[in-house]
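Not measured: the values here are computed from a predicted model.
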Amino acid sequence: MEVFKDTKDSIATTQENDFTEYIVKYHQKIHKYCYHLLRNRQDAEDATQEVFLKAYKSFHKVHSQSTLSPWFYTIAYRHCLNVLKRKKLIRSIPYQTDIKLLPEEEYINSELEFNEEISYLLRKLTSKERAIVTMKVINEFPYSEISTIVNSSQSAVRKCYERAIKKLKKHTTTNEMGCVKDEKISIN
(Lines give C-alpha, C1' and ligand atoms only; values in the text may rest on other atoms or scores of the structure.)
Protein backbone atom coordinates (compact mmCIF):
# COMPACT_ATOMS: atom_id res chain seq x y z
CA MET A 1 0.00 0.00 0.00
CA GLU A 2 2.81 2.38 0.79
CA VAL A 3 4.34 1.88 -2.66
CA PHE A 4 1.07 2.88 -4.33
CA LYS A 5 0.85 6.03 -2.21
CA ASP A 6 4.39 7.06 -3.17
CA THR A 7 3.65 6.47 -6.85
CA LYS A 8 0.39 8.42 -6.66
CA ASP A 9 2.12 11.28 -4.80
CA SER A 10 5.00 11.32 -7.28
CA ILE A 11 2.54 11.49 -10.20
CA ALA A 12 0.70 14.38 -8.52
CA THR A 13 4.01 16.15 -7.85
CA THR A 14 5.09 15.64 -11.46
CA GLN A 15 1.78 17.06 -12.70
CA GLU A 16 2.13 20.08 -10.39
CA ASN A 17 5.68 20.71 -11.60
CA ASP A 18 4.58 20.39 -15.23
CA PHE A 19 1.68 22.75 -14.67
CA THR A 20 3.95 25.26 -12.91
CA GLU A 21 6.16 25.29 -16.01
CA TYR A 22 3.11 25.98 -18.18
CA ILE A 23 2.04 28.82 -15.91
CA VAL A 24 5.47 30.40 -16.29
CA LYS A 25 5.34 29.88 -20.07
CA TYR A 26 1.77 31.13 -20.70
CA HIS A 27 1.02 33.56 -17.85
CA GLN A 28 2.12 36.76 -19.57
CA LYS A 29 0.49 35.76 -22.88
CA ILE A 30 -2.83 34.89 -21.24
CA HIS A 31 -2.73 38.03 -19.10
CA LYS A 32 -2.11 40.20 -22.15
CA TYR A 33 -4.92 38.45 -24.02
CA CYS A 34 -7.36 38.93 -21.12
CA TYR A 35 -6.35 42.58 -20.84
CA HIS A 36 -7.06 43.19 -24.51
CA LEU A 37 -10.49 41.60 -24.16
CA LEU A 38 -11.53 43.12 -20.82
CA ARG A 39 -9.78 46.52 -21.15
CA ASN A 40 -9.15 46.68 -17.39
CA ARG A 41 -5.99 45.73 -15.51
CA GLN A 42 -7.64 44.36 -12.37
CA ASP A 43 -10.20 42.37 -14.34
CA ALA A 44 -7.40 40.94 -16.48
CA GLU A 45 -5.39 39.91 -13.41
CA ASP A 46 -8.45 38.24 -11.86
CA ALA A 47 -9.32 36.56 -15.15
CA THR A 48 -5.78 35.25 -15.57
CA GLN A 49 -5.89 33.68 -12.11
CA GLU A 50 -9.29 32.15 -12.82
CA VAL A 51 -8.10 30.80 -16.17
CA PHE A 52 -5.15 29.01 -14.60
CA LEU A 53 -7.28 27.72 -11.74
CA LYS A 54 -9.79 26.26 -14.21
CA ALA A 55 -6.94 24.87 -16.30
CA TYR A 56 -5.33 23.27 -13.25
CA LYS A 57 -8.59 21.58 -12.27
CA SER A 58 -8.93 19.97 -15.68
CA PHE A 59 -5.23 19.57 -16.52
CA HIS A 60 -5.59 15.78 -16.39
CA LYS A 61 -7.94 15.94 -19.41
CA VAL A 62 -5.28 17.31 -21.78
CA HIS A 63 -4.00 14.57 -24.03
CA SER A 64 -1.01 16.20 -25.70
CA GLN A 65 1.23 19.21 -25.25
CA SER A 66 0.53 20.39 -28.78
CA THR A 67 -3.02 21.32 -27.76
CA LEU A 68 -2.03 23.33 -24.67
CA SER A 69 -1.82 26.78 -26.26
CA PRO A 70 -5.28 26.69 -27.86
CA TRP A 71 -6.62 25.05 -24.70
CA PHE A 72 -5.40 27.89 -22.45
CA TYR A 73 -6.71 30.50 -24.90
CA THR A 74 -10.09 28.73 -25.14
CA ILE A 75 -10.46 28.84 -21.37
CA ALA A 76 -9.39 32.51 -21.35
CA TYR A 77 -11.75 33.42 -24.20
CA ARG A 78 -14.78 31.79 -22.58
CA HIS A 79 -13.97 33.18 -19.15
CA CYS A 80 -13.51 36.72 -20.47
CA LEU A 81 -16.78 36.52 -22.40
CA ASN A 82 -18.53 35.46 -19.20
CA VAL A 83 -16.96 38.38 -17.32
CA LEU A 84 -18.12 40.80 -20.02
CA LYS A 85 -21.64 39.33 -19.96
CA ARG A 86 -21.79 39.69 -16.16
CA LYS A 87 -20.62 43.30 -16.39
CA LYS A 88 -23.26 44.05 -19.00
CA LEU A 89 -25.93 42.39 -16.87
CA ILE A 90 -24.88 44.33 -13.77
CA ARG A 91 -25.06 47.60 -15.69
CA SER A 92 -28.60 46.82 -16.80
CA ILE A 93 -29.91 46.10 -13.29
CA PRO A 94 -32.03 49.06 -12.07
CA TYR A 95 -31.41 50.93 -8.82
CA GLN A 96 -27.67 50.48 -9.01
CA THR A 97 -26.95 54.12 -9.81
CA ASP A 98 -25.69 54.94 -6.30
CA ILE A 99 -22.63 52.68 -6.67
CA LYS A 100 -19.45 54.70 -7.04
CA LEU A 101 -16.78 53.21 -9.24
CA LEU A 102 -13.17 54.10 -8.62
CA PRO A 103 -11.44 55.73 -11.56
CA GLU A 104 -9.28 53.24 -13.40
CA GLU A 105 -5.66 53.84 -12.57
CA GLU A 106 -3.25 54.27 -15.37
CA TYR A 107 -1.82 50.93 -16.34
CA ILE A 108 1.65 51.34 -17.74
CA ASN A 109 3.25 48.22 -19.06
CA SER A 110 5.07 48.28 -22.37
CA GLU A 111 3.64 44.86 -23.25
CA LEU A 112 0.06 46.05 -22.83
CA GLU A 113 0.20 49.73 -23.64
CA PHE A 114 -0.97 51.03 -26.98
CA ASN A 115 -1.93 54.43 -28.27
CA GLU A 116 -5.28 56.15 -27.81
CA GLU A 117 -6.36 55.67 -31.42
CA ILE A 118 -6.02 51.90 -31.26
CA SER A 119 -7.77 51.82 -27.90
CA TYR A 120 -10.62 53.91 -29.34
CA LEU A 121 -10.90 51.64 -32.36
CA LEU A 122 -10.92 48.44 -30.31
CA ARG A 123 -13.83 49.77 -28.25
CA LYS A 124 -15.84 49.92 -31.49
CA LEU A 125 -15.62 46.13 -31.88
CA THR A 126 -17.77 43.49 -30.21
CA SER A 127 -16.05 41.25 -27.68
CA LYS A 128 -15.87 38.38 -30.19
CA GLU A 129 -14.43 40.63 -32.91
CA ARG A 130 -11.91 42.06 -30.44
CA ALA A 131 -10.92 38.53 -29.39
CA ILE A 132 -10.42 37.40 -32.98
CA VAL A 133 -8.46 40.52 -33.98
CA THR A 134 -6.30 40.20 -30.86
CA MET A 135 -5.54 36.56 -31.55
CA LYS A 136 -4.80 37.18 -35.23
CA VAL A 137 -2.82 40.42 -34.97
CA ILE A 138 -1.15 40.37 -31.56
CA ASN A 139 -0.77 36.63 -30.95
CA GLU A 140 -0.37 35.82 -34.66
CA PHE A 141 -2.53 32.70 -34.44
CA PRO A 142 -3.59 30.98 -37.65
CA TYR A 143 -7.32 30.84 -38.40
CA SER A 144 -7.35 27.13 -37.55
CA GLU A 145 -6.31 27.78 -33.91
CA ILE A 146 -8.64 30.77 -33.57
CA SER A 147 -11.55 28.68 -34.84
CA THR A 148 -10.79 26.05 -32.21
CA ILE A 149 -10.65 28.65 -29.44
CA VAL A 150 -13.89 30.47 -30.35
CA ASN A 151 -15.65 27.27 -31.42
CA SER A 152 -16.49 28.45 -34.94
CA SER A 153 -15.53 27.33 -38.41
CA GLN A 154 -12.39 28.75 -40.01
CA SER A 155 -14.43 30.50 -42.68
CA ALA A 156 -16.67 32.12 -40.02
CA VAL A 157 -13.60 33.31 -38.12
CA ARG A 158 -12.00 34.66 -41.30
CA LYS A 159 -15.22 36.50 -42.23
CA CYS A 160 -15.58 37.94 -38.72
CA TYR A 161 -11.96 39.11 -38.87
CA GLU A 162 -12.51 40.75 -42.26
CA ARG A 163 -15.68 42.50 -41.01
CA ALA A 164 -13.83 43.70 -37.92
CA ILE A 165 -11.02 45.13 -40.04
CA LYS A 166 -13.57 46.94 -42.24
CA LYS A 167 -15.22 48.31 -39.11
CA LEU A 168 -11.84 49.51 -37.80
CA LYS A 169 -11.05 51.22 -41.08
CA LYS A 170 -14.46 52.90 -41.03
CA HIS A 171 -13.90 54.31 -37.56
CA THR A 172 -10.53 55.97 -38.08
CA THR A 173 -10.06 58.99 -35.90
CA THR A 174 -10.49 62.52 -37.14
CA ASN A 175 -8.21 65.45 -36.62
CA GLU A 176 -9.24 68.79 -35.11
CA MET A 177 -10.69 70.02 -38.43
CA GLY A 178 -13.06 67.07 -38.62
CA CYS A 179 -11.25 65.54 -41.59
CA VAL A 180 -10.33 61.90 -41.62
CA LYS A 181 -6.63 61.37 -41.19
CA ASP A 182 -4.79 60.04 -44.19
CA GLU A 183 -3.29 57.19 -42.18
CA LYS A 184 -4.06 53.63 -43.09
CA ILE A 185 -4.72 50.92 -40.56
CA SER A 186 -2.27 48.14 -41.16
CA ILE A 187 -3.88 45.20 -39.37
CA ASN A 188 -3.45 42.31 -41.77
Legend entry - Arg163 with Glu129: basic N within carboxylate O range, under 4.0 Å: no
Inset, instruction - State plainly whether the residues Glu45 and Arg41 are in salt-bridge range, i.e. N to O under 4.0 Å. - result: yes
Legend entry - 4.5 Å side-chain heavy-atom contact, Ser147 and Ser153: no
Inset, instruction - Flag the pair Ile75 / Glu50 as yes when at least one side-chain heavy-atom distance between them is below 4.5 Å, and no otherwise. - result: no
Inset, instruction - For Ser152 and Lys128, test the side chains for any donor-to-acceptor distance below 3.5 angstrom and give the result as yes or no. - result: yes
Give me the atom names and distance for the closest heavy-atom approach of [X] to [Y].
{"X": "Ile30", "Y": "Ala76", "answer": "CG2-CB, 4.1 Å"}
{"X": "Ala164", "Y": "Val133", "answer": "CB-CG2, 3.7 Å"}
{"X": "Phe59", "Y": "Trp71", "answer": "CA-CH2, 3.9 Å"}
{"X": "Phe52", "Y": "Tyr22", "answer": "CE2-O, 4.4 Å"}
{"X": "Ile149", "Y": "Pro70", "answer": "CG1-O, 3.5 Å"}
{"X": "Thr134", "Y": "Arg130", "answer": "OG1-O, 2.7 Å"}

Measuring from atom [atom1] of [X] to atom [atom2] of [Y], what distance do you get when rounded to the nearest 0.5 angstrom?
{"X": "Ile132", "Y": "Tyr77", "atom1": "CD1", "atom2": "OH", "answer": "6.0 Å"}
{"X": "Glu145", "Y": "Gln154", "atom1": "CD", "atom2": "CD", "answer": "10.5 Å"}
{"X": "Arg78", "Y": "Asn151", "atom1": "CZ", "atom2": "CG", "answer": "5.5 Å"}
{"X": "His31", "Y": "Leu38", "atom1": "NE2", "atom2": "CG", "answer": "9.5 Å"}
{"X": "Lys170", "Y": "Ile165", "atom1": "NZ", "atom2": "CD1", "answer": "15.0 Å"}

Inset, instruction - Tell me whether the guanidinium CZ or amine NZ of Lys136 lies under 6.0 angstrom from the six-membered ring centre of Tyr143 and within 45° of its axis. - result: yes
Inset, instruction - Report yes or no: is the cationic atom of Arg39 (NZ for Lys, CZ for Arg) under 6.0 Å from the centre of the six-membered ring of Tyr35, at an angle within 45° of the ring normal? - result: yes
Inset, instruction - Would you confirm whether the ring centroid of Tyr73 sits within less than 6.0 angstrom of the ring centroid of Phe141? - result: yes
Inset, instruction - Applying side-chain contact (heavy atoms from CB on, under 4.5 Å) between His79 and each of Val51, Leu53, Leu37, report the one that passes. - result: Val51
